Amino acid sequence: MISGSTRLIGLLGHPVVDSFSPRMQNAAFAARGLDWAYVPCDVALEAFEPAVRGLLAAGFAGANVTAPYKLAAAEIAETDLPSVNTLVFEDGRLRGFSTDAAVLAGLPAERPAVLGDGGAAAAFREALPHARTFARRGEWPPDVADADLVVNATSEREEVLAELGSGQTLVDLPYPETATAKAARERGARVVDGLEVLVAQGAASFELWTGMPAPFEAMRSAVGLSS
């Protein structure tokens with residue numbers, strides 16, 4: 001039940017209808033007993049900055065930013081980052097953070113490669129400054145034979161973008177599973193799928209907004225992941 005005292009978090013993107021973030025974050029707020037609600041907002045291309053300013057003026061506590069606005073969010077928020085997926089509104093300030101690469105914690109990344117050139121790819125390149133980068137508007141197709149970690153930060157689902165095998169790890173951002181992830185798993189690679197990425201970044205965002213530890217198990221359960 002939303003009341004006048006409910007703290008609100010927005011999800012800004014286009015489209016947002018298929019996002020699992022609302023169910024995940026609302027489950028997290030409930031698990032922590034918080035009177036908070038997470039609201040998806042489908043924002044037209046020309047309306048992104050007014051939408052952000054509107055949430056700030058309306059008293060929202062913050063927002064997540066998804067495609068195609070992560071680069072634009074970095075331009076209007078207080079941040080030095082090239083890409084922003086989490087906004088925190090405090091005392092009229094619009095602070096920007098990126099939690100997209102939270103999933104990298106504990107993964108081997110001596111010879112990483114990042115596929116893509118959008119906002120999520122920019123976040124992973126920032127986290128992995130030594131990574132080789134591949135994009136259709138640059139070096140393509142990807143040659144990842146020597147990589148120990150490959151991040152698929154594209155939106156491509158049907159085409160196998162790179163061949164991975166045993167001893168390699170694929171972090172695959174889209175969900176449900178892509179053709180690239182399916183082929184990598186069949187060839188013996190470790191696959192960290194898009195739902196695992198979603199939970200990791202969502203938990204980090206939750207902690208930025210609330211200052212409380214994220215309820216990982218409740219968030220995993222909300223998106224259909226087992227314990």
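These values consider heavy atoms only, across backbone and side chains, with no hydrogens, waters or symmetry-generated copies. Here the structure is a predicted model, which is why all the values come from computation and not from measurement.
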| task | State which residues pass salt bridge (charged side-chain N to carboxylate O under 4.0 Å, His left out) with Glu78; sequence neighbours excluded, sorted by chain then number. | result | Arg93
| task | Give the minimum heavy-atom separation between Gly13 and Thr66, together with the two atoms involved. | result | CA-CG2, 3.6 Å
| message | Are Ile76 and Arg53 packed together at the side-chain level, in the sense that at least one heavy-atom pair is separated by less than 4.5 angstrom? | response | yes
| request: Decide side chain to side chain donor-acceptor pair (under 3.5 Å) for Gln168 and Asp148; before the verdict, give the C-alpha distance in whole Å, the side-chain angles of both, and the deciding distance to 0.1 Å. | output: CA-CA 5 Å; Gln168 294 179 294; Asp148 57 351; over 6 Å; no
| request: Begin from the C-alpha positions of Ile9 and Phe29 and carry the test side-chain contact (heavy atoms from CB on, under 4.5 Å) through to its verdict. | output: CA-CA 11 Å; Ile9 299 289; Phe29 296 147; 4.0 Å; yes
| query | Can you list every pair that meets ring pair (Phe, Tyr, Trp, His ring centres under 6.0 Å) and has a residue in residues 128-155, with sequence neighbours left out? | reply | none
| Do any pairs count as a ring pair (Phe, Tyr, Trp, His ring centres under 6.0 Å) and have a residue in residues 163-203, sequence neighbours left out, and if so which ones? | Phe20-Tyr175
| query | Do Leu198 and Ser21 touch side chain to side chain, with heavy atoms closer than 4.5 Å? | reply | yes
| note | Here the gap from Leu45 atom CG to His14 atom NE2, rounded to the nearest 0.5 Å, amounts to 6.0 Å
| request: Apply the test ring pair (Phe, Tyr, Trp, His ring centres under 6.0 Å) to residues Phe48 and Tyr69: give CA-CA distance (whole Å), side-chain angles for both, the deciding distance (0.1 Å), then the verdict. | output: CA-CA 7 Å; Phe48 175 69; Tyr69 300 126; 4.7 Å; yes
| Nearest atoms (heavy-atom pairs only) where Phe216 meets Ala203 | CE2-CB, 3.4 Å
| said: What verdict does the side-chain contact (heavy atoms from CB on, under 4.5 Å) test give for Val17 and Asp42, after you've listed the backbone C-alpha separation in whole Å, the side-chain angles of each residue and the deciding distance to 0.1 Å? | reply: CA-CA 8 Å; Val17 66; Asp42 196 315; 5.7 Å; no
| Got a donor-acceptor contact below 3.5 angstrom from the Thr99 side chain to the Gln201 backbone? | yes
| message | Does Leu8 form a side-chain contact (heavy atoms from CB on, under 4.5 Å) with Tyr38? I'd like the steps, not just the answer. | response | CA-CA 6 Å; Leu8 297 175; Tyr38 189 96; over 6 Å; no
| Shortest non-hydrogen contact from Val103 toward Glu196 | CG2-O, 4.2 Å
| field | Minimum side-chain heavy-atom gap Val150-Thr169 below 4.5 Å | value | no
| query | Which heavy atom of Leu87 sits nearest a heavy atom of Ala77, and at what distance? | reply | CD2-CB, 3.9 Å
| Residues in salt bridge (charged side-chain N to carboxylate O under 4.0 Å, His left out) with Glu90, at least two apart? | Arg95
| query | Are any non-hydrogen side-chain atoms of Asp117 and Arg137 less than 4.5 angstrom apart? | reply | yes
| request: Can you measure from CZ (Arg132) to CG (Leu115) and round to the nearest 0.5 angstrom? | output: 10.5 Å
| field | Residues, nucleotides or ligands: over 12 heavy atoms within 6.0 Å of Glu159 CD | value | yes
| Is Thr210 reaching over with its side chain to a backbone N or O of Phe206, donor-acceptor style, under 3.5 angstrom? | yes
| message | For the OG atom of Ser221 and the CE atom of Met24, what is their distance to the nearest 0.5 Å? | response | 12.5 Å
| field | Nearest atoms (heavy-atom pairs only) where Thr79 meets Ala74 | value | CG2-O, 3.6 Å
| message | Any non-hydrogen side-chain atom of Lys70 less than 4.5 Å from a side-chain atom of Asn64? | response | no
| said: Same cluster or not: Leu149 versus Val197, using hydrophobic residues (I, L, V, M, F, W, Y) connected whenever any side-chain heavy atoms lie under 4.5 Å apart? | reply: yes
| said: Holding to salt bridge (charged side-chain N to carboxylate O under 4.0 Å, His left out), I want the full list of residues that pass it with Arg185, two or more places apart in sequence or in another chain. | reply: Glu177
| Which residues pass the salt bridge (charged side-chain N to carboxylate O under 4.0 Å, His left out) test with Glu186, sequence neighbours left out? | Lys182
| query | Looking at side-chain heavy atoms only, is the closest gap between Leu170 and Val192 below 4.5 Å? | reply | no
| said: Could you check whether any side-chain N or O of Asp100 sits under 3.5 Å from a backbone N or O of Ala123, counting only pairs where one atom can act as donor and the other as acceptor? | reply: no
| said: Count I, L, V, M, F, W, Y as connected when their side-chain heavy atoms are under 4.5 Å apart, and connections chain through other members. Are Leu208 and Leu34 then in the same cluster? | reply: yes
| said: Return the CZ to CG distance between Arg157 and Asp172, rounded to the nearest 0.5 Å. | reply: 9.0 Å
| request: Check the hydrophobic clustering (I, L, V, M, F, W, Y; side-chain heavy atoms under 4.5 Å; chains of links allowed) and say if Leu128 and Val171 are grouped together. | output: yes
| message | Keeping Arg187 on the side-chain end and Leu164 on the backbone end, is there a donor-acceptor pair under 3.5 Å? | response | yes
| Leu56, Val84: one ILVMFWY side-chain cluster at the under-4.5 Å cut-off? | yes
| task | State, yes or no, whether a side-chain contact exists between Ser3 and Asp35 at a heavy-atom distance under 4.5 Å. | result | yes
| field | Closest non-hydrogen atom pair between Leu107 and Arg190, with its separation | value | CD2-NH1, 3.5 Å
| Any Phe97 side-chain heavy atom under 4.5 Å of Asn85 side chain | no
| field | Under 3.5 Å donor-acceptor, Ser19 side chain and Val16 backbone | value | no
| task | Kindly work out whether a path of hydrophobic side-chain contacts (I/L/V/M/F/W/Y, heavy atoms less than 4.5 Å apart) joins Met219 to Leu225. | result | yes
| request: Begin with the C-alpha distance, continue with both residues' side-chain angles, and end with the deciding distance and a verdict on side-chain contact (heavy atoms from CB on, under 4.5 Å) for Val39 and Leu11. | output: CA-CA 6 Å; Val39 183; Leu11 170 64; over 6 Å; no
| message | Closer than 3.5 angstrom, by distance alone: can the side chain of Arg32 be matched with the main-chain N or O of Pro213 as a donor-acceptor pair? | response | yes
| remark: Rounding to 0.5 Å, atoms CG (Asp146) and CD (Glu110) come to a distance of 13.0 Å
| Where the side chain of Glu207 meets the backbone of Ala204, is there a donor-acceptor pair that is under 3.5 Å apart? | no
| field | Thr180 and Asn152 side chains, donor-acceptor separation under 3.5 Å | value | no
| query | If we ignore angles and hydrogens, is there a donor and acceptor under 3.5 Å between the side chains of Ser83 and Ser98? | reply | no
